[in-house]
Enquirer: 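First, the structure itself, so that you have it in front of you.
When reading the values below, keep in mind they use all heavy atoms of this one structure, side chains included, and skip hydrogens, waters and symmetry mates. For reference, positions follow the sequence shown, starting with 1.
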Amino acid sequence: TPDVLVVVVHHIAADGASMAPLARDLMTAYLARTRGTTPDLPPLAVQYVDYALWQQDLLGDPTDPESIAATRLDFWRDTLADLPEVLPLPTDRPRPPQQSFRGAVHRFDVDRAVHAGLVDLAAAHNATLFMTVHTALAVLLARLSGTDDIAIGSPVAGRGHRALDDLVGMFVNTVVLRTPITGALSFSDHLHRTREVDVAAFGHTELPFEKLVDALAPTRATDHSPLFQVVLEFGNTERAHLELPELTVEALDADMSVAKFDLQLTVQENPDGGLNCAFTYATDLFDADTAVAITDRFVRVLTAVTTDPQRAIGDLDLLTDLESATHSAARTDGHSAVSSDTLLDLFRRGAALDPDAVAVTADDGQL
(Lines give C-alpha, C1' and ligand atoms only; values in the text may rest on other atoms or scores of the structure.)
Protein backbone atom coordinates (compact mmCIF):
# COMPACT_ATOMS: atom_id res chain seq x y z
CA THR A 1 0.00 0.00 0.00
CA PRO A 2 1.48 3.39 -0.96
CA ASP A 3 2.03 6.00 1.72
CA VAL A 4 0.83 9.59 1.34
CA LEU A 5 2.91 12.45 2.67
CA VAL A 6 0.98 15.69 3.17
CA VAL A 7 2.97 18.92 3.29
CA VAL A 8 0.98 22.00 4.29
CA VAL A 9 2.45 25.44 3.65
CA HIS A 10 0.65 28.74 4.23
CA HIS A 11 0.22 30.76 1.03
CA ILE A 12 1.87 33.75 2.68
CA ALA A 13 5.11 31.72 2.77
CA ALA A 14 5.05 29.87 -0.55
CA ASP A 15 3.40 29.78 -3.96
CA GLY A 16 2.86 27.06 -6.56
CA ALA A 17 6.28 27.50 -8.14
CA SER A 18 7.85 26.99 -4.70
CA MET A 19 6.77 23.36 -4.65
CA ALA A 20 9.53 22.27 -7.05
CA PRO A 21 12.49 23.56 -4.99
CA LEU A 22 10.75 22.47 -1.78
CA ALA A 23 10.27 18.92 -3.10
CA ARG A 24 13.86 18.83 -4.39
CA ASP A 25 15.28 19.86 -1.03
CA LEU A 26 13.00 17.41 0.76
CA MET A 27 14.19 14.54 -1.42
CA THR A 28 17.81 15.60 -0.96
CA ALA A 29 17.29 15.48 2.80
CA TYR A 30 15.55 12.10 2.50
CA LEU A 31 18.45 10.56 0.58
CA ALA A 32 20.96 11.93 3.06
CA ARG A 33 19.05 10.53 6.05
CA THR A 34 18.73 7.09 4.45
CA ARG A 35 22.53 7.06 4.20
CA GLY A 36 22.97 8.19 7.78
CA THR A 37 24.26 11.65 6.87
CA THR A 38 22.95 15.17 7.07
CA PRO A 39 21.77 16.94 3.89
CA ASP A 40 24.39 19.09 2.20
CA LEU A 41 22.38 21.88 0.62
CA PRO A 42 24.37 24.61 -1.15
CA PRO A 43 23.76 28.14 0.17
CA LEU A 44 21.29 30.22 -1.81
CA ALA A 45 22.53 33.22 -3.77
CA VAL A 46 19.72 35.34 -2.32
CA GLN A 47 17.11 34.96 0.40
CA TYR A 48 13.44 35.90 0.25
CA VAL A 49 14.10 38.93 2.45
CA ASP A 50 16.52 40.17 -0.25
CA TYR A 51 13.73 39.94 -2.81
CA ALA A 52 11.28 41.78 -0.53
CA LEU A 53 13.75 44.64 0.04
CA TRP A 54 14.58 44.77 -3.67
CA GLN A 55 10.89 44.97 -4.60
CA GLN A 56 10.29 47.77 -2.11
CA ASP A 57 13.28 49.69 -3.46
CA LEU A 58 12.21 49.07 -7.09
CA LEU A 59 8.65 50.33 -6.65
CA GLY A 60 9.64 53.41 -4.68
CA ASP A 61 7.29 55.85 -3.02
CA PRO A 62 3.84 55.85 -4.71
CA THR A 63 3.48 59.55 -3.83
CA ASP A 64 6.51 60.27 -6.04
CA PRO A 65 5.12 60.74 -9.59
CA GLU A 66 8.42 59.54 -11.06
CA SER A 67 8.44 56.24 -9.15
CA ILE A 68 7.53 52.92 -10.72
CA ALA A 69 4.72 52.50 -8.19
CA ALA A 70 3.13 55.78 -9.30
CA THR A 71 3.45 55.09 -13.03
CA ARG A 72 2.02 51.57 -12.61
CA LEU A 73 -0.91 52.95 -10.61
CA ASP A 74 -1.59 55.50 -13.35
CA PHE A 75 -1.66 52.71 -15.93
CA TRP A 76 -4.10 50.58 -13.95
CA ARG A 77 -6.34 53.53 -13.08
CA ASP A 78 -6.71 54.24 -16.81
CA THR A 79 -7.04 50.59 -17.79
CA LEU A 80 -9.66 49.72 -15.17
CA ALA A 81 -11.59 53.00 -15.15
CA ASP A 82 -15.38 52.43 -14.84
CA LEU A 83 -14.92 48.67 -14.64
CA PRO A 84 -18.25 46.98 -13.83
CA GLU A 85 -18.34 45.82 -10.24
CA VAL A 86 -19.60 42.29 -10.97
CA LEU A 87 -19.72 40.15 -14.11
CA PRO A 88 -23.42 39.17 -14.33
CA LEU A 89 -23.11 35.49 -15.18
CA PRO A 90 -26.38 33.53 -15.12
CA THR A 91 -26.33 31.57 -11.86
CA ASP A 92 -28.53 28.82 -10.47
CA ARG A 93 -29.07 30.75 -7.25
CA PRO A 94 -28.86 34.37 -6.11
CA ARG A 95 -25.48 35.43 -4.82
CA PRO A 96 -25.37 34.92 -1.01
CA PRO A 97 -24.51 37.90 1.23
CA GLN A 98 -21.12 36.35 2.01
CA GLN A 99 -18.92 33.96 0.06
CA SER A 100 -18.65 30.55 1.70
CA PHE A 101 -15.76 29.60 -0.63
CA ARG A 102 -17.29 26.15 -1.07
CA GLY A 103 -16.47 24.81 -4.49
CA ALA A 104 -16.25 21.84 -6.80
CA VAL A 105 -14.22 20.95 -9.86
CA HIS A 106 -15.31 19.74 -13.28
CA ARG A 107 -12.38 18.32 -15.26
CA PHE A 108 -12.34 17.93 -19.03
CA ASP A 109 -9.95 17.50 -21.93
CA VAL A 110 -9.57 19.34 -25.22
CA ASP A 111 -8.51 16.93 -27.95
CA ARG A 112 -5.28 17.08 -29.92
CA ALA A 113 -6.84 18.40 -33.12
CA VAL A 114 -8.40 21.43 -31.41
CA HIS A 115 -5.22 22.01 -29.39
CA ALA A 116 -3.14 21.95 -32.57
CA GLY A 117 -5.62 24.32 -34.22
CA LEU A 118 -5.30 26.77 -31.32
CA VAL A 119 -1.50 26.65 -31.53
CA ASP A 120 -1.62 27.32 -35.28
CA LEU A 121 -4.12 30.14 -34.78
CA ALA A 122 -1.88 31.75 -32.18
CA ALA A 123 1.16 31.51 -34.44
CA ALA A 124 -0.74 33.02 -37.37
CA HIS A 125 -1.60 36.09 -35.28
CA ASN A 126 1.77 36.50 -33.53
CA ALA A 127 0.12 35.52 -30.27
CA THR A 128 0.52 32.80 -27.65
CA LEU A 129 -1.67 29.85 -26.74
CA PHE A 130 -2.55 31.65 -23.51
CA MET A 131 -3.83 34.65 -25.47
CA THR A 132 -5.91 32.42 -27.73
CA VAL A 133 -7.51 30.57 -24.81
CA HIS A 134 -8.01 33.89 -23.01
CA THR A 135 -9.85 35.27 -26.04
CA ALA A 136 -12.07 32.18 -26.22
CA LEU A 137 -12.91 32.41 -22.51
CA ALA A 138 -13.70 36.14 -22.79
CA VAL A 139 -15.99 35.43 -25.76
CA LEU A 140 -17.78 32.72 -23.79
CA LEU A 141 -18.24 34.97 -20.74
CA ALA A 142 -19.57 37.78 -22.92
CA ARG A 143 -22.11 35.46 -24.52
CA LEU A 144 -23.15 33.97 -21.16
CA SER A 145 -23.47 37.32 -19.38
CA GLY A 146 -24.81 39.41 -22.26
CA THR A 147 -22.16 42.07 -21.58
CA ASP A 148 -19.28 43.42 -23.62
CA ASP A 149 -16.80 44.39 -20.88
CA ILE A 150 -15.00 41.32 -19.58
CA ALA A 151 -12.42 41.33 -16.77
CA ILE A 152 -10.51 38.13 -16.03
CA GLY A 153 -7.84 37.67 -13.38
CA SER A 154 -4.71 35.66 -14.07
CA PRO A 155 -1.77 34.74 -11.83
CA VAL A 156 1.78 35.61 -12.86
CA ALA A 157 4.84 33.85 -11.44
CA GLY A 158 6.69 37.01 -10.40
CA ARG A 159 10.08 35.29 -10.71
CA GLY A 160 11.77 37.55 -13.19
CA HIS A 161 15.35 36.57 -12.33
CA ARG A 162 17.10 33.19 -12.36
CA ALA A 163 18.38 33.75 -8.82
CA LEU A 164 14.77 33.44 -7.63
CA ASP A 165 14.14 30.02 -9.17
CA ASP A 166 15.43 28.10 -6.14
CA LEU A 167 13.63 30.20 -3.52
CA VAL A 168 10.59 29.13 -1.53
CA GLY A 169 8.40 32.19 -1.07
CA MET A 170 5.32 34.12 -2.14
CA PHE A 171 6.28 35.62 -5.50
CA VAL A 172 3.07 35.10 -7.45
CA ASN A 173 1.02 38.17 -8.33
CA THR A 174 -2.37 38.65 -9.96
CA VAL A 175 -3.05 40.71 -13.09
CA VAL A 176 -6.42 41.96 -14.33
CA LEU A 177 -7.05 41.40 -18.05
CA ARG A 178 -9.88 43.61 -19.35
CA THR A 179 -11.11 43.00 -22.89
CA PRO A 180 -13.97 44.54 -24.88
CA ILE A 181 -16.08 42.01 -26.79
CA THR A 182 -18.03 42.97 -29.91
CA GLY A 183 -20.40 40.42 -31.41
CA ALA A 184 -19.98 41.67 -34.99
CA LEU A 185 -16.19 41.18 -34.97
CA SER A 186 -14.44 37.91 -35.75
CA PHE A 187 -12.43 35.80 -33.36
CA SER A 188 -9.29 36.86 -35.24
CA ASP A 189 -10.16 40.51 -34.58
CA HIS A 190 -10.65 39.77 -30.90
CA LEU A 191 -7.39 37.83 -30.74
CA HIS A 192 -5.55 40.92 -31.99
CA ARG A 193 -7.28 42.99 -29.31
CA THR A 194 -6.53 40.47 -26.59
CA ARG A 195 -2.88 40.30 -27.57
CA GLU A 196 -2.56 44.06 -27.09
CA VAL A 197 -4.40 43.90 -23.76
CA ASP A 198 -2.30 41.02 -22.44
CA VAL A 199 1.05 42.44 -23.56
CA ALA A 200 0.27 45.78 -21.90
CA ALA A 201 -1.03 44.18 -18.70
CA PHE A 202 1.86 41.74 -18.32
CA GLY A 203 4.23 44.66 -18.79
CA HIS A 204 2.82 46.28 -15.65
CA THR A 205 2.82 43.48 -13.08
CA GLU A 206 5.36 44.82 -10.58
CA LEU A 207 2.73 46.37 -8.33
CA PRO A 208 1.32 43.80 -5.84
CA PHE A 209 -2.36 43.13 -6.43
CA GLU A 210 -3.36 44.04 -2.88
CA LYS A 211 -1.78 47.49 -3.31
CA LEU A 212 -3.67 47.93 -6.57
CA VAL A 213 -6.97 47.09 -4.86
CA ASP A 214 -6.21 49.51 -2.04
CA ALA A 215 -5.37 52.28 -4.51
CA LEU A 216 -8.39 51.74 -6.80
CA ALA A 217 -10.67 51.28 -3.78
CA PRO A 218 -13.48 49.35 -5.50
CA THR A 219 -16.64 48.81 -3.52
CA ARG A 220 -15.64 46.17 -1.00
CA ALA A 221 -18.17 43.41 -0.49
CA THR A 222 -18.30 40.02 1.16
CA ASP A 223 -20.25 38.36 -1.67
CA HIS A 224 -17.68 38.66 -4.47
CA SER A 225 -13.99 39.26 -5.11
CA PRO A 226 -12.88 42.77 -6.15
CA LEU A 227 -12.16 43.73 -9.79
CA PHE A 228 -12.86 40.26 -11.25
CA GLN A 229 -14.77 37.10 -10.40
CA VAL A 230 -13.37 34.77 -13.07
CA VAL A 231 -9.77 33.52 -13.22
CA LEU A 232 -7.71 31.94 -15.99
CA GLU A 233 -4.70 29.94 -14.79
CA PHE A 234 -2.40 28.54 -17.43
CA GLY A 235 0.08 25.87 -16.35
CA ASN A 236 3.15 24.77 -18.26
CA THR A 237 4.83 22.42 -15.81
CA GLU A 238 4.85 18.64 -15.84
CA ARG A 239 3.63 16.62 -12.89
CA ALA A 240 6.45 15.72 -10.51
CA HIS A 241 7.75 12.13 -10.74
CA LEU A 242 10.83 11.05 -8.80
CA GLU A 243 12.67 7.73 -8.83
CA LEU A 244 14.81 7.24 -5.72
CA PRO A 245 16.43 4.13 -4.22
CA GLU A 246 13.54 1.92 -3.06
CA LEU A 247 11.13 4.85 -3.41
CA THR A 248 8.96 6.20 -6.22
CA VAL A 249 7.27 9.56 -5.68
CA GLU A 250 4.23 10.87 -7.56
CA ALA A 251 2.53 14.21 -6.95
CA LEU A 252 -1.15 14.04 -6.06
CA ASP A 253 -3.85 16.63 -6.61
CA ALA A 254 -5.69 17.49 -3.41
CA ASP A 255 -9.32 18.40 -4.03
CA MET A 256 -10.01 20.85 -1.21
CA SER A 257 -13.55 21.68 -2.41
CA VAL A 258 -12.65 25.37 -2.32
CA ALA A 259 -13.54 28.07 -4.84
CA LYS A 260 -12.05 31.51 -4.21
CA PHE A 261 -13.85 32.92 -7.27
CA ASP A 262 -17.11 32.39 -9.14
CA LEU A 263 -15.28 30.48 -11.88
CA GLN A 264 -11.68 29.49 -12.43
CA LEU A 265 -10.43 27.85 -15.61
CA THR A 266 -7.18 25.92 -15.23
CA VAL A 267 -5.42 24.82 -18.42
CA GLN A 268 -2.43 22.48 -18.71
CA GLU A 269 -0.78 21.46 -21.98
CA ASN A 270 -0.36 17.71 -22.35
CA PRO A 271 3.13 16.79 -23.63
CA ASP A 272 1.48 14.25 -25.96
CA GLY A 273 -0.99 16.82 -27.31
CA GLY A 274 -4.30 18.09 -26.10
CA LEU A 275 -5.22 20.22 -23.13
CA ASN A 276 -6.08 19.03 -19.63
CA CYS A 277 -8.54 21.55 -18.22
CA ALA A 278 -10.76 22.11 -15.21
CA PHE A 279 -13.47 24.54 -14.21
CA THR A 280 -13.50 25.23 -10.47
CA TYR A 281 -16.84 26.76 -9.58
CA ALA A 282 -18.53 28.22 -6.52
CA THR A 283 -21.26 25.82 -5.44
CA ASP A 284 -23.09 28.74 -3.82
CA LEU A 285 -23.84 29.89 -7.38
CA PHE A 286 -23.62 26.95 -9.77
CA ASP A 287 -24.87 23.38 -9.89
CA ALA A 288 -22.79 20.56 -11.35
CA ASP A 289 -25.02 20.41 -14.45
CA THR A 290 -24.41 24.10 -15.08
CA ALA A 291 -20.63 23.60 -14.84
CA VAL A 292 -20.93 20.81 -17.41
CA ALA A 293 -22.96 23.08 -19.70
CA ILE A 294 -20.41 25.91 -19.37
CA THR A 295 -17.68 23.43 -20.23
CA ASP A 296 -19.59 22.19 -23.27
CA ARG A 297 -20.06 25.74 -24.53
CA PHE A 298 -16.38 26.56 -23.98
CA VAL A 299 -15.27 23.54 -26.00
CA ARG A 300 -17.73 24.56 -28.71
CA VAL A 301 -16.11 28.01 -28.85
CA LEU A 302 -12.62 26.49 -29.13
CA THR A 303 -13.72 24.08 -31.86
CA ALA A 304 -15.60 26.74 -33.82
CA VAL A 305 -12.83 29.34 -33.82
CA THR A 306 -10.21 26.84 -34.96
CA THR A 307 -12.52 25.87 -37.83
CA ASP A 308 -13.49 29.40 -38.91
CA PRO A 309 -11.65 32.19 -37.03
CA GLN A 310 -13.11 34.84 -39.38
CA ARG A 311 -16.71 34.17 -38.34
CA ALA A 312 -18.40 36.84 -36.24
CA ILE A 313 -18.37 35.67 -32.63
CA GLY A 314 -21.99 36.73 -32.26
CA ASP A 315 -22.89 34.00 -34.77
CA LEU A 316 -21.22 31.16 -32.84
CA ASP A 317 -23.62 28.33 -32.01
CA LEU A 318 -23.28 27.69 -28.27
CA LEU A 319 -26.31 25.44 -27.80
CA THR A 320 -25.56 22.19 -26.01
CA ASP A 321 -26.51 18.88 -27.63
CA LEU A 322 -29.63 18.65 -25.45
CA GLU A 323 -30.66 22.22 -26.26
CA SER A 324 -30.13 21.62 -29.98
CA ALA A 325 -32.23 18.45 -29.85
CA THR A 326 -35.00 20.24 -27.95
CA HIS A 327 -34.92 23.14 -30.41
CA SER A 328 -35.07 20.77 -33.39
CA ALA A 329 -37.99 18.88 -31.86
CA ALA A 330 -39.87 22.13 -31.30
CA ARG A 331 -39.37 23.17 -34.90
CA THR A 332 -40.68 19.86 -36.25
CA ASP A 333 -43.66 19.75 -33.85
CA GLY A 334 -46.72 21.05 -35.64
CA HIS A 335 -48.06 22.60 -32.45
CA SER A 336 -44.73 24.27 -31.61
CA ALA A 337 -43.70 25.46 -35.05
CA VAL A 338 -41.57 28.57 -35.12
CA SER A 339 -43.79 31.57 -35.73
CA SER A 340 -43.32 33.57 -38.93
CA ASP A 341 -44.39 36.75 -37.13
CA THR A 342 -41.99 39.66 -37.35
CA LEU A 343 -41.02 41.86 -34.43
CA LEU A 344 -43.42 44.50 -35.74
CA ASP A 345 -46.23 41.92 -35.70
CA LEU A 346 -45.54 41.22 -32.04
CA PHE A 347 -45.69 44.94 -31.22
CA ARG A 348 -49.00 45.28 -33.04
CA ARG A 349 -50.41 42.28 -31.20
CA GLY A 350 -49.29 43.63 -27.83
CA ALA A 351 -50.72 47.07 -28.59
CA ALA A 352 -54.05 45.55 -29.53
CA LEU A 353 -54.21 43.58 -26.26
CA ASP A 354 -53.37 46.54 -24.03
CA PRO A 355 -53.13 49.88 -25.86
CA ASP A 356 -52.30 51.77 -22.64
CA ALA A 357 -49.32 49.60 -21.62
CA VAL A 358 -45.81 51.05 -21.45
CA ALA A 359 -43.88 50.20 -24.62
CA VAL A 360 -40.47 51.73 -23.97
CA THR A 361 -38.73 52.86 -20.78
CA ALA A 362 -35.69 55.14 -20.91
CA ASP A 363 -33.76 57.35 -18.50
CA ASP A 364 -35.78 60.39 -19.54
CA GLY A 365 -39.24 58.86 -19.39
CA GLN A 366 -41.66 56.29 -20.79
CA LEU A 367 -43.59 55.91 -24.03
Side-chain angles (χ1 to χ4, degrees), residues 9-19 21-22 43-87 99 128 130-131 134 149-180 193-234 260-261 264:
V9 185
H10 197 292
H11 212 338
I12 200 172
D15 54 19
S18 298
M19 296 302 101
L22 180 62
L44 294 170
V46 294
Q47 299 287 338
Y48 186 79
V49 65
D50 300 316
Y51 164 78
L53 293 173
W54 167 83
Q55 184 187 54
Q56 182 177 353
D57 182 62
L58 172 71
L59 293 175
D61 185 352
T63 62
D64 177 6
E66 301 299 323
S67 69
I68 291 180
T71 58
R72 295 303 184 258
L73 278 176
D74 288 342
F75 169 83
W76 287 113
R77 285 193 180 102
D78 291 340
T79 300
L80 302 180
D82 301 320
L83 179 69
E85 183 178 339
V86 177
L87 180 65
Q99 289 176 281
T128 64
F130 173 90
M131 296 171 183
H134 173 207
D149 192 349
I150 305 300
I152 298 173
S154 188
V156 290
R159 295 173 183 253
H161 194 284
R162 288 184 60 185
L164 304 178
D165 291 347
D166 291 334
L167 285 184
V168 174
M170 182 56 182
F171 296 91
V172 71
N173 198 15
T174 305
V175 63
V176 186
L177 306 174
R178 184 185 189 183
T179 52
R193 276 185 178 181
T194 302
R195 181 185 181 278
E196 294 176 358
V197 167
D198 289 358
V199 168
F202 288 130
H204 295 78
T205 60
E206 299 91 342
L207 193 71
F209 180 70
E210 62 272 15
K211 292 186 180 296
L212 174 62
V213 173
D214 289 342
L216 296 181
T219 301
R220 301 307 291 266
T222 59
D223 64 346
H224 65 271
S225 56
L227 302 183
F228 59 85
Q229 294 80 48
V230 179
V231 167
L232 171 60
E233 182 176 4
F234 211 87
K260 293 184 286 185
F261 306 95
Q264 177 170 331

Enquirer: Of all the heavy-atom pairs spanning M19 and A14, show the shortest one and how long it is.
Expert: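 What the structure gives for the nearest pair is CE-CB, 4.1 Å.
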Enquirer: Hey, what do you get for CG (L59) to CG (D64), rounding to the nearest 0.5 Å?
Expert: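 Rounded to the nearest 0.5 Å, the CG-CG separation comes out at 12.0 Å.
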Enquirer: Determine yes or no for a side-chain-to-main-chain donor-acceptor pair under 3.5 angstrom, with T194 supplying the side chain and M131 the backbone.
Expert: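 Judged by distance alone, no pair lies under 3.5 Å.
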Enquirer: Give, for atom CZ of R220 and atom CG of D214, the distance between the pair rounded to the nearest 0.5 Å.
Expert: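 The CZ atom of R220 sits 6.5 Å away from the CG atom of D214.
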Enquirer: Between the main-chain N or O of V172 and the side-chain N or O of D15, is there a donor-acceptor pair closer than 3.5 Å?
Expert: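 Here the side-chain-to-backbone pair exists.
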Enquirer: What pair of heavy atoms forms the shortest contact from L227 to A151, and how long is it?
Expert: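 Looks like O-CB, 3.7 Å.
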Enquirer: Side chains of T71 and D74: is there a donor and an acceptor less than 3.5 Å apart?
Expert: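 There is no such pair between these side chains.
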Enquirer: Ignoring hydrogens and angles, tell me if any N or O in the side chain of Q229 forms a donor-acceptor pair with the backbone of E85 under 3.5 Å.
Expert: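 At least one qualifying donor-acceptor pair exists.
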Enquirer: Can you name the one residue among V86, L83, T174 that meets side-chain contact (heavy atoms from CB on, under 4.5 Å) with F228?
Expert: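 For F228, the side-chain contact (heavy atoms from CB on, under 4.5 Å) test succeeds with only one of V86, L83, T174, which is T174.
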Enquirer: Between atom CD1 of I68 and atom CG of L58, what is the distance when rounded to the nearest 0.5 Å?
Expert: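 Going from CD1 on I68 over to CG on L58, the span is 4.0 Å.
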Enquirer: Show the nearest heavy-atom pair for residues P218 and P226, with the distance to one decimal.
Expert: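 Scanning both residues, the minimum pair turns out to be CG-CB, 3.9 Å.
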Enquirer: Measure from the side-chain N and O atoms of W76 to the backbone N and O of L216, and report whether any donor-acceptor pair falls under 3.5 Å.
Expert: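 No, W76 side chain to L216 backbone: no donor-acceptor pair under 3.5 Å.
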Enquirer: Give the minimum heavy-atom separation between G60 and A69, together with the two atoms involved.
Expert: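 Smallest heavy-atom distance, with atoms named: O-CB, 4.0 Å.
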Enquirer: Rounded at 0.5 Å granularity, tell me how far CD1 in I152 sits from OG1 in T179.
Expert: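 The OG1 atom of T179 is 5.5 Å from CD1 of I152, to the nearest 0.5 Å.
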Enquirer: Are L167 and P21 packed together at the side-chain level, in the sense that at least one heavy-atom pair is separated by less than 4.5 angstrom?
Expert: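 The answer is no, as the side chains (C-beta and beyond) never meet within the 4.5 Å cut-off.
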Enquirer: How far apart are the C-alpha atoms of S18 and H11, what are their side-chain angles, what is the distance that settles it, and do they pass the side-chain contact (heavy atoms from CB on, under 4.5 Å) test?
Expert: CA-CA 10 Å; S18 298; H11 212 338; over 6 Å; no
Enquirer: Apply the test side-chain contact (heavy atoms from CB on, under 4.5 Å) to residues V46 and H161: give CA-CA distance (whole Å), side-chain angles for both, the deciding distance (0.1 Å), then the verdict.
Expert: CA-CA 11 Å; V46 294; H161 194 284; over 6 Å; no
Enquirer: Any side-chain to backbone donor/acceptor pair from D50 onto Q47? Under 3.5 Å, distance only.
Expert: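 Pair found, side chain donor or acceptor close to backbone of Q47.
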Enquirer: Working to the nearest 0.5 Å, report the span between CD of E196 and CG of D198.
Expert: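 Between E196 CD and D198 CG, I get 10.5 Å after rounding to 0.5 Å.
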Enquirer: Applying side-chain contact (heavy atoms from CB on, under 4.5 Å), run through F75 and L207 and close with a yes or a no.
Expert: CA-CA 11 Å; F75 169 83; L207 193 71; over 6 Å; no
Enquirer: Heavy atoms only: give me the nearest A201-V176 pair and the separation to one decimal.
Expert: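 For A201 and V176, the tightest heavy-atom pair comes out as CB-O, 4.1 Å.
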Enquirer: Flag yes if more than 12 heavy atoms outside E210 fall under 6.0 Å of its CD atom; otherwise flag no.
Expert: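 Yes, CD of E210 has more than 12 neighbouring heavy atoms, counting only those of other groups under 6.0 Å.
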Enquirer: Please report the closest heavy-atom contact between Q55 and P208, naming both atoms and the distance.
Expert: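 So the two residues come closest at NE2-CG, 4.1 Å.
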Enquirer: Does the pair K211 and L73 meet the rule for a side-chain contact (heavy atoms from CB on, under 4.5 Å), with working shown?
Expert: CA-CA 9 Å; K211 292 186 180 296; L73 278 176; over 6 Å; no
Enquirer: Would the distance check show the side chain of R193 and the main-chain N or O of P180 forming a donor-acceptor pair, the cut-off being under 3.5 Å?
Expert: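 Yes; at least one donor-acceptor contact below 3.5 Å.
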Enquirer: Between atom CG of L212 and atom CZ of R72, what is the distance when rounded to the nearest 0.5 Å?
Expert: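 So the gap between those two atoms works out to 12.5 Å.
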Enquirer: Ignoring hydrogens and angles, tell me if any N or O in the side chain of Y48 forms a donor-acceptor pair with the backbone of M170 under 3.5 Å.
Expert: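 Here the side-chain-to-backbone pair exists.
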Enquirer: What verdict does the salt bridge (charged side-chain N to carboxylate O under 4.0 Å, His left out) test give for R178 and D149, after you've listed the backbone C-alpha separation in whole Å, the side-chain angles of each residue and the deciding distance to 0.1 Å?
Expert: CA-CA 7 Å; R178 184 185 189 183; D149 192 349; 2.7 Å; yes
